[in-house]
Chemist: 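Got a structure here, written out as structure tokens. Questions coming.
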Amino acid sequence: MGLLDAILGRSKPVRPDLDQLFAVPSAALTLQAATGFTPTGRGSVCFAGVEGGGFARLQEDVRELLDADTERGGVPVEFSRDAYGYTWLLATHPADDTAGLVNDLHAVNTMLQDGGFGPHLLCSLIGFRNTEGRALAMVYLYKRGTFYPFAPLPGDAEKRDNQLELQVRGALGDDLRVEKDLSRWFPVWGAPGL
């Protein structure tokens, strides 16, 4: 960061730390003990779509890598596009294989980053449910290197359970790097894997 940046109040962006994702399996145990939420085995990566052959080839490489186990009973990855034009990749594993799911999400993020598409990565999401069927997601913000909980209330209304989100923040504060700026806890309504 230069002198002019310091004078003008510009800060250097945080370098993504994808290895933070590997803390999720142990954090899942803490989350289950504190709140009763358990992993669903579903997770996703969200990125801004890019046109062009290079990105299409990279997307196919990701599909080939993650679908390599489909002959042994693995679930193929799914690509979808949301109403805002963002692309989501959904990976599915057995609910007790959080480590395998995290490995897949890490691999996707790394491939996109190493392929020069890191600036297009938005977030990764790991889904959880409790015994009543309530949904919860731990969202990893790629550009911040932090997590935050997202807990939609049941029903069609787009409302959040802020109390549960704060409870999860308190429970996982020692396990994950939780985003301190609550204004960055963006809702991910209808996200694949939620």
Side-chain angles (χ1 to χ4, degrees), residues 9-24 27-28 30-31 34-35 37 39-50 55 62 77-92 98 101-102 104-106 108-110 112-113 117-130 133-194:
R10 290 184 241 164
S11 63
K12 192 173 186 178
V14 175
R15 184 149 166 61
D17 182 6
L18 292 174
D19 289 346
Q20 291 296 313
L21 289 168
F22 293 125
V24 170
T30 302
L31 184 63
T35 65
F37 280 86
T40 62
R42 295 167 46 96
S44 54
V45 176
C46 180
F47 48 93
V50 178
F55 187 75
V62 166
V77 297
E78 299 173 29
F79 284 93
S80 62
R81 194 168 283 243
D82 67 17
Y84 300 102
Y86 293 108
T87 301
W88 289 84
L89 174 142
L90 173 65
T92 305
T98 306
L101 175 65
V102 167
D104 281 358
L105 298 178
H106 186 276
V108 171
N109 280 285
T110 301
L112 288 168
Q113 178 178 284
F117 298 102
H120 300 280
L121 281 165
L122 300 176
C123 67
S124 294
L125 177 146
I126 298 100
F128 293 84
R129 292 232 183 259
N130 67 6
R134 293 274 317 273
L136 172 73
M138 288 308 301
V139 181
Y140 174 76
L141 293 172
Y142 174 79
K143 291 176 176 69
R144 306 275 297 170
T146 56
F147 290 87
Y148 68 90
F150 174 67
L153 286 170
D156 292 335
E158 291 185 345
K159 294 184 180 180
R160 301 166 72 165
D161 187 341
N162 298 110
Q163 182 177 355
L164 175 59
E165 290 176 355
L166 294 174
Q167 178 186 1
V168 169
R169 176 183 70 175
L172 297 181
D174 293 335
D175 293 273
L176 297 176
R177 188 183 297 163
V178 178
E179 175 60 49
K180 290 179 173 49
D181 183 355
L182 298 183
S183 69
R184 294 190 181 271
W185 290 23
F186 305 110
V188 285
W189 305 115
L194 184 59

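Values reported hereafter were calculated over all heavy atoms of this structure, with side chains retained and with hydrogens, waters and symmetry mates removed.
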Chemist: How close do C123 and V139 get, heavy atom to heavy atom, and via which atoms?
Modeler: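 The answer is CB-CG1, 3.8 Å.
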Chemist: So, for R184 and L141, which heavy atoms are closest and what is the spacing to 0.1 Å?
Modeler: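 Answer, listing the atom of R184 first, then L141: O-CD1, 3.7 Å.
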Chemist: Going by heavy atoms in the side chains, are L90 and S80 under 4.5 Å from each other?
Modeler: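 Sidechains of S80 and L90: no contact.
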Chemist: Of T110, N109, V108, which is the lone residue that meets side chain to side chain contact (heavy atoms under 4.5 Å, CB included) with H106?
Modeler: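 Result: among T110, N109, V108, T110 is the only option passing the side chain to side chain contact (heavy atoms under 4.5 Å, CB included) with H106.
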Chemist: Parallel, tilted or perpendicular, judged at 30° and 60°: which one describes the rings of W185 and Y148?
Modeler: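 W185 and Y148: parallel rings.
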Chemist: What are the two closest heavy atoms between C46 and Y86, and how far apart are they?
Modeler: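 For C46 versus Y86, the nearest heavy atoms are SG-CB, 3.7 Å.
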Chemist: Does any N or O in the side chain of S44 come within less than 3.5 Å of the main-chain N or O of P192, such that one atom is a donor and the other an acceptor?
Modeler: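 Judged by distance alone, yes, a pair lies under 3.5 Å.
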Chemist: Among F128, F186, W189, find the one that has a ring pair (Phe, Tyr, Trp, His ring centres under 6.0 Å) with F150.
Modeler: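 Answer after filtering F128, F186, W189: W189.
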Chemist: What heavy-atom pair brings L176 and A23 nearest, and what distance separates the two atoms?
Modeler: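 Here L176 and A23 meet closest at CD2-CB, 3.6 Å.
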Chemist: Say you draw a straight line from OG1 of T146 to NZ of K180; how long is it, rounded to the nearest 0.5 Å?
Modeler: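 T146 OG1 to K180 NZ: 9.0 Å, rounded to 0.5 Å.
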Chemist: Side-chain contact test, heavy atoms from C-beta onward, threshold under 4.5 Å: evaluate it for Y140 versus V24 and give yes or no.
Modeler: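 A side-chain contact is absent here, since even the closest heavy-atom pair is not under 4.5 Å.
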Chemist: Taking side chain as C-beta onward, heavy atoms only, is V77 less than 4.5 Å from V62?
Modeler: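 No, every pair of side-chain atoms sits at 4.5 Å or beyond.
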Chemist: Does any non-hydrogen side-chain atom of L89 lie less than 4.5 Å from one of F79?
Modeler: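 They are in contact (side-chain heavy atoms under 4.5 Å apart), so the answer is yes.
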Chemist: I'd like to check P187 versus R160 (side-chain heavy atoms, cut-off strictly below 4.5 Å). Are they in contact?
Modeler: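 Counting from C-beta outward, P187 and R160 do come under 4.5 Å.
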Chemist: Can you measure from CG (L194) to CG (L136) and round to the nearest 0.5 angstrom?
Modeler: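 So the gap between those two atoms works out to 8.0 Å.
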Chemist: Taking the side chain as everything from C-beta on, heavy atoms only, tell me whether P152 gets closer than 4.5 Å to K159.
Modeler: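 SC-SC contact between P152 and K159 ruled out.
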Chemist: Of all the heavy-atom pairs spanning A27 and L172, show the shortest one and how long it is.
Modeler: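 The answer is O-CD2, 3.4 Å.
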Chemist: Applying side chain to side chain donor-acceptor pair (under 3.5 Å) between T30 and each of T35, D175, D174, report the one that passes.
Modeler: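 Result for side chain to side chain donor-acceptor pair (under 3.5 Å) with T30: D175.
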Chemist: For R134 and F37, work out which heavy atoms get closest and say how close.
Modeler: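 Closest pair (atom of R134, atom of F37, distance): O-CE2, 3.3 Å.
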Chemist: Taking K143 for its side chain and L121 for its backbone only, find out whether a donor-acceptor pair lies under 3.5 Å.
Modeler: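 Flag set: sc K143 to bb L121 pair under 3.5 Å.
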Chemist: Taking side chain as C-beta onward, heavy atoms only, is I126 less than 4.5 Å from L101?
Modeler: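 Yes - at least one pair of side-chain heavy atoms lies under 4.5 Å apart.
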Chemist: Hey, could you give me the CD/OG1 distance between E78 and T92, rounded to the nearest 0.5 Å?
Modeler: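 Going from the CD atom of E78 to the OG1 atom of T92 covers 6.0 Å.
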Chemist: Using atom types as modelled and distance alone, determine if a side-chain donor or acceptor of R169 lies under 3.5 Å from a backbone N or O of L164.
Modeler: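 No: the side chain of R169 does not pair with the backbone of L164.
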